[in-house]
There are 2 protein chains.
Amino acid sequence: MSGPGVAVAVTMTARRRLKSEDRRRQILDAAVSAFARHGFAGTTTRELARASGVSQAMIFRFFPDKAGLYRAIIDRYIARAADPFPAASTRGGDDRRILERAAADMIGNVEEDPTFLRLLLFSALEGHELSRLFLEARVLAVTRALARYLGGRMRRGALRSVPPIVAARAFIGMAGNYALMNVLYGPAMPGRLPRRRVARLFTSLFLNGITAAEAAAPRVRRPAIGAPGLDRRMASP
Amino acid sequence: MSGPGVAVAVTMTARRRLKSEDRRRQILDAAVSAFARHGFAGTTTRELARASGVSQAMIFRFFPDKAGLYRAIIDRYIARAADPFPAASTRGGDDRRILERAAADMIGNVEEDPTFLRLLLFSALEGHELSRLFLEARVLAVTRALARYLGGRMRRGALRSVPPIVAARAFIGMAGNYALMNVLYGPAMPGRLPRRRVARLFTSLFLNGITAAEAAAPRVRRPAIGAPGLDRRMASP
DNA sequence: TTCAATAAACTGAGCGCTCACTTATGAGCG
DNA sequence: CGCTCATAAGTGAGCGCTCAGTTTATTGAA
């Protein structure tokens with residue numbers, strides 16, 4: 001871990017003093033990984049210090065307290081967010097390519113580095129005050145952008161007219177939930193395929209489903225009393 | 001906190017003795033709520049004791065340790081799981097009704113009581129050993145059941161032939177992610193509609209998308225270099 | 001080039017407090 | 001009675017956090 005340090009070990013202590021800014025970044029990096037793995041409550045400042053290779057005291061030199069460090073992490077993520085969907089013109093209309101790419105990116109990014117997703121979930125579950133900002137800057141930005149795009153395509157008559165935000169949530173839900181489950185349960189999760197293939201399938205399902213056409217299956221609208229089916233056992237004890 | 005206890009405070013202790021089993025259940029109930037709200041690491045045994053109205057020591061009379069209590073909770077949830085999709089015959093084929101109901105139930109159950117979903121997420125994120133069982137008994141059971149149903153319908157030619165598990169994950173993803181986001185962010189989440197309506201919309205999208213038909217939009221398959229679109233900014237820092 | 005003086009990075013020891021968990025000793029019902 | 005239910009009062013360990021003091025890098029007069 002620490003180079004070719006062997007027997008001597010006296011002058012070669014190899015303990016590097018970093019400039020304040022570098023050290024701060026190092027601690028922040030280590031904290032990102034720790035908080036993503038164990039959450040806020042499950043991470044100790046001692047552990048953070050050990051992971052950064054410094055003493056506990058350094059943590060509190062750079063950050064007011066543990067919560068302040070967490071806040072700094074979220075700030076950093078928010079600051080790096082950019083328009084995730086830079087005005088993909090709603091006229092060209094190669095919907096398939098755009099959606100496939102969006103789905104593949106979502107799945108791919110989460111697969112390559114689940115850190116952000118885990119931080120997002122932990123912050124929401126643990127009720128951190130910045131959780132909402134986190135959501136706004138990243139998740140909602142994507143949702144709204146996609147909704148805007150879909151809405152534009154609907155207005156042009158290319159897609160069925162449904163509430164665009166809900167449609168966007170449906171598509172993002174497919175890809176997002178797929179990625180989420182893979183992150184949470186890894187290989188134990190059945191139905192994992194190469195991400196491009198999944199993206200293609202989700203896109204195909206979604207586009208087939210939402211593309212304007214007289215196809216729409218006959219609207220059976222029976223009262224549906226006592227029907228068998230996926231029962232209510234999904235969430236209640 | 002302890003009633004009208006004033007000077008005397010001797011005979012009127014009002015401390016009820018419960019039978020062991022009742023007390024155990026009471027503690028378990030309180031623990032479910034606490035763990036669902038704050039996770040395992042974020043919940044203290046003092047807090048559990050206070051919520052159950054007993055002393056801390058009682059917790060350890062009924063459960064070997066904090067982890068054992070958590071285990072008991074998960075065991076209970078797993079024990080209550082049943083076949084969520086009791087062989088909905090794949091021949092009748094009122095797909096719309098069955099799926100709508102499934103989606104509405106998923107959304108409704110989570111909405112009415114987010115406890116289970118939060119426990120599930122916390123246990124997965126915190127890496128609890130029983131997390132996998134939890135998943136198996138509840139989430140995968142539903143996924144597999146739906147996949148089985150869809151697979152049956154595909155074999156009958158009623159639906160397009162795609163990997164059934166992935167199709168199931170797509171549908172569950174729509175409803176599940178919708179419910180998840182609503183739980184995590186509540187009213188801040190845009191695009192919330194009455195659950196029946198959302199269920200109807202998701203089902204319609206999905207069925208339109210997956211129903212066997214020659215509809216399938218023309219397969220544009222350009223290389224897609226440098227295309228604008230939802231970019232990769234979804235998950236990486 | 002040398003080297004004390006200064007500034008900055010850094011740490012070990014330990015503070016007060018809370019954690020999960022234990023023990024001694026009742027209180028109340030059969 | 002006797003036996004179970006219950007608690008008050010602990011225990012050592014570990015928490016977030018602080019601070020006196022040490023170690024290193026940088027400076028600038030000689």
Side-chain angles (χ1 to χ4, degrees), chain A residues 2-3 5 8-31 34-35 37-73 126 128-129, chain B residues 1-3 5 8-31 34-35 37-73 122 126 128-129:
Chain A
S2 57
V8 190
V10 177
T11 52
M12 296 288 285
T13 41
R15 190 173 290 134
R16 295 178 307 151
R17 284 168 99 88
L18 298 187
K19 301 217 155 163
S20 146
E21 194 187 331
D22 293 334
R23 186 62 85 192
R24 188 188 138 97
R25 193 155 35 79
Q26 192 188 52
I27 292 174
L28 219 44
D29 288 342
F35 282 133
R37 263 187 310 214
H38 310 120
F40 182 78
T43 302
T44 71
T45 55
R46 280 175 167 79
E47 178 189 338
L48 290 175
R50 197 165 29 75
S52 321
V54 293
S55 74
Q56 231 182 330
M58 290 307 293
I59 307 259
F60 298 98
R61 221 177 102 80
F62 292 108
F63 305 96
D65 50 24
K66 188 182 162 189
L69 173 53
Y70 196 72
R71 214 174 302 125
I73 288 175
E126 292 185 315
H128 199 278
E129 43 172 347
Chain B
M1 247 331 186
S2 58
V8 188
V10 178
T11 52
M12 293 294 283
T13 40
R15 192 172 289 139
R16 295 179 307 150
R17 285 168 84 86
L18 297 187
K19 298 216 159 162
S20 165
E21 194 187 330
D22 293 334
R23 187 62 85 192
R24 190 189 137 95
R25 194 155 34 80
Q26 191 187 51
I27 292 173
L28 219 45
D29 289 341
F35 282 132
R37 265 186 310 214
H38 310 120
F40 182 77
T43 301
T44 70
T45 54
R46 275 174 166 76
E47 180 188 338
L48 290 175
R50 198 165 28 76
S52 326
V54 294
S55 72
Q56 235 183 324
M58 291 307 292
I59 308 261
F60 298 96
R61 222 178 102 81
F62 292 107
F63 305 94
D65 50 24
K66 189 182 162 190
L69 172 53
Y70 195 71
R71 213 174 302 128
I73 289 175
F122 261 127
E126 293 186 313
H128 198 278
E129 42 172 349

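Chain letters run A, B, ... following the sequence lines, proteins first and then strands; every chain starts at 1.
- Closest non-hydrogen pair, A:Ala72 versus A:Leu28, comes out as CB-CD1, 4.0 Å.
- Following rounding to the nearest Å, B:Glu21 (CD) and D:dC5 (P) show an atom-to-atom distance of 11 Å.
- Scanning all heavy atoms of the two residues, the minimum distance from B:Leu69 to B:Ala31 falls at CD2-CB, 3.9 Å.
- Identified under the salt bridge (Lys or Arg N to Asp or Glu O under 4.0 Å) test for residues 43-59 of chain A, with sequence neighbours left out: none.
- Across the protein-nucleic acid pair, B:Arg61 atom CZ and D:dT4 atom C1' stand 6 Å apart, rounded to whole Å.
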Self-check item: Contact state string [nucleotides 16-21 of chain C, B base, S sugar-phosphate only, - no protein heavy atom under 4.0 Å]
Solution: ---BBB
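- Across the protein-nucleic acid pair, B:Asp22 atom CG and D:dA6 atom C1' stand 15 Å apart, rounded to whole Å.
- Phosphate contact (OP1/OP2 of D:dC5, side-chain N/O of B:Arg23, threshold under 4.0 Å): absent.
- For A:Arg37, the side-chain hydrogen bond (donor to acceptor under 3.5 Å, both in side chains) partners at least two apart in sequence or on another chain are A:Ser33.
- At whole-Å resolution of the value, CG in A:Leu18 and P in C:dT11 are 10 Å apart.
- Side-chain N/O atoms of A:Arg17 include none lying less than 4.0 angstrom from OP1 or OP2 on D:dT23.
- Across all strands shown, B:Ile59 has no heavy atoms under 4.0 Å from either base or sugar-phosphate atoms.
- The separation between B:Met58 atom CE and D:dC5 atom P is 7 Å, rounded to whole Å.
- In this entry the distance linking CZ of B:Phe63 with P of D:dC5 reads 13 Å, nearest Å.
- Put simply, CD on A:Gln26 is 14 Å from P on C:dA9, counting in whole angstrom units.
- For residues 52-70 of chain B, the pairs satisfying side-chain hydrogen bond (donor to acceptor under 3.5 Å, both in side chains) are B:Thr45-B:Gln56, with sequence neighbours left out.
- Among residues two or more places apart in sequence or in another chain, the side-chain contact (heavy atoms from CB on, under 4.5 Å) test is passed with B:Ala41 by A:Ala41, B:Glu126.
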